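Please read all numbers here as calculations on a predicted model, not as lab measurements. Just the heavy atoms: all of them, side chains too, but no hydrogens, waters or symmetry mates, feed the values below.
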2 protein chains.
Amino acid sequence: MSDRDQSLPHTVSGASNSGDALPPIGEHARQYETVRNAHETELIEDYVELIGDLIQHRGEARAADIASRMGVSQATVSKMIRRLNELGLVTSKPYRSLFLTEDGQKMAEVSRTRHDIVLHFLRALGVNDHTARIDAEGMEHHVSNETLSIMQRFIDQQTQR
Amino acid sequence: MSDRDQSLPHTVSGASNSGDALPPIGEHARQYETVRNAHETELIEDYVELIGDLIQHRGEARAADIASRMGVSQATVSKMIRRLNELGLVTSKPYRSLFLTEDGQKMAEVSRTRHDIVLHFLRALGVNDHTARIDAEGMEHHVSNETLSIMQRFIDQQTQR
DNA sequence: CATAATTGTTAGCCAAGGCTAAACTATTTG
DNA sequence: CAAATAGTTTAGCCTTGGCTAACAATTATG
């Protein structure tokens, strides 16, 4: 709580969208579909990204570390690792630490880049570091490449002055 | 696809976060926890928000409309409505259209406001309308009130000039 | 006004992502 | 080097949010 509990702004400048017509049905459905799809990959990406970070910063990724950092039980991690294996994102021998496959490394890097852009963008916007970290974690999977590019441009403008 | 498929920016100005140390374990876990919690309420909020929109724009919310706009089967909607009922967010009589309870209306309004702020913000940033709509749909549930306030301020600055 | 078409519900299936408890493996240490 | 501790996996359970198919109610129409 704390940082995230502040008075919610109650207005939007100019015409509120509430007055706008609803989008055409097909388009509307596609918007929700995009979100549902993002959902399916989100967790996977979070695990892969975290595993990449652990390898980079700690030299290895142990299940126990993943569990404590993700805030879930070891059993959950174990099950997830099996999935990542099936998806060809990690290789693992029982009771040994993990490695990312080439695909896994690629995914980790893309996720990491996106994450960083969103985080830097929020900070450049003026959001405090702690909140920015939390928001970035949730937002990263829902930001299109178009928006990412624009965020990057914004960061550049802010820092080059 | 289309709008969302563009070259991913590969750099972040200044120090990449990848070089930063990992957050302390407890904090890290809390970040993920926040995202997991958001997840649980996301869908609920989407349904409630959509029901509110339908009532406002169409005069009523029928299950069939919800199904086609969400892009899911009617059976799924029916089941979901039962849950919303249990949660005290809607009232419904079998084979009749839905109404939001007071709590439901409150939730719909908060969601709508957040959604609008994020959407307007993205447009003010320069994101094209179509992409902005998709991104807003996914992002809205992960934006803290602090960030929303800052987005609102940004919108005001952009439009008041 | 009887029947067809539309809309809503129920039953029963599935996969994902949590959990706890118990079993197994590896590592550390007395 | 044996026993204790730490780490990992498996089994089995639960809830959510999808689905299809079958049935029920409502509404529209010939």
How many Å lie between [atom1] on [X] and [atom2] on [N], as a whole number?
X     : N      : atom1 : atom2 : answer
B:K93 : D:dT26 : NZ    : P     : 12 Å
A:M80 : C:dC19 : CE    : C1'   : 15 Å
B:M70 : D:dT16 : CE    : P     : 16 Å
A:R82 : C:dG17 : CZ    : P     : 13 Å
B:R62 : C:dT7  : CZ    : P     : 7 Å
B:N37 : C:dG17 : CG    : P     : 16 Å
A:E60 : D:dG7  : CD    : C1'   : 12 Å
B:I81 : D:dG18 : CD1   : P     : 13 Å

Contact residues, residues 38-46 of chain B to DNA chain D [heavy atom, < 4.0 Å]: B:L43
5'-most by nearest nucleotide on DNA chain D - A:A64 or A:R36: A:A64
Nearest-nucleotide comparison on DNA chain C, the residue closer to the 5′ end among A:Q74 and A:Y95: A:Q74
Check whether any side-chain N or O of [X] sits under 3.5 Å from a backbone N or O of [Y] as a donor-acceptor pair, and report yes or no.
X      : Y      : value
A:S92  : A:L98  : no
B:N85  : B:T91  : no
B:T159 : B:I155 : yes
A:S78  : A:Q74  : no
B:E146 : A:N128 : yes

Strictly below 4.0 Å: does [X] bring a side-chain N or O up to OP1 or OP2 of [N]?
X     : N      : value
B:R96 : C:dG8  : no
A:R83 : C:dA16 : yes
B:S78 : C:dG8  : no
A:T76 : C:dC19 : yes

Heavy-atom pair of closest approach, residues A:R69 and B:Y32: O-CD1, 3.3 Å
Shortest non-hydrogen separation from A:S111 to A:E49 and the atoms involved: CB-OE1, 3.3 Å
Please write out the pairs of protein N or O atoms and N or O atoms of nucleotides 11-14 of chain D separated by less than 3.5 Å, giving the distance to one decimal.
none

Close side-chain approach of B:H120 and B:R123, heavy atoms under 4.5 Å: yes
Short side-chain donor-acceptor distance under 3.5 Å, B:T34 and B:N37: no
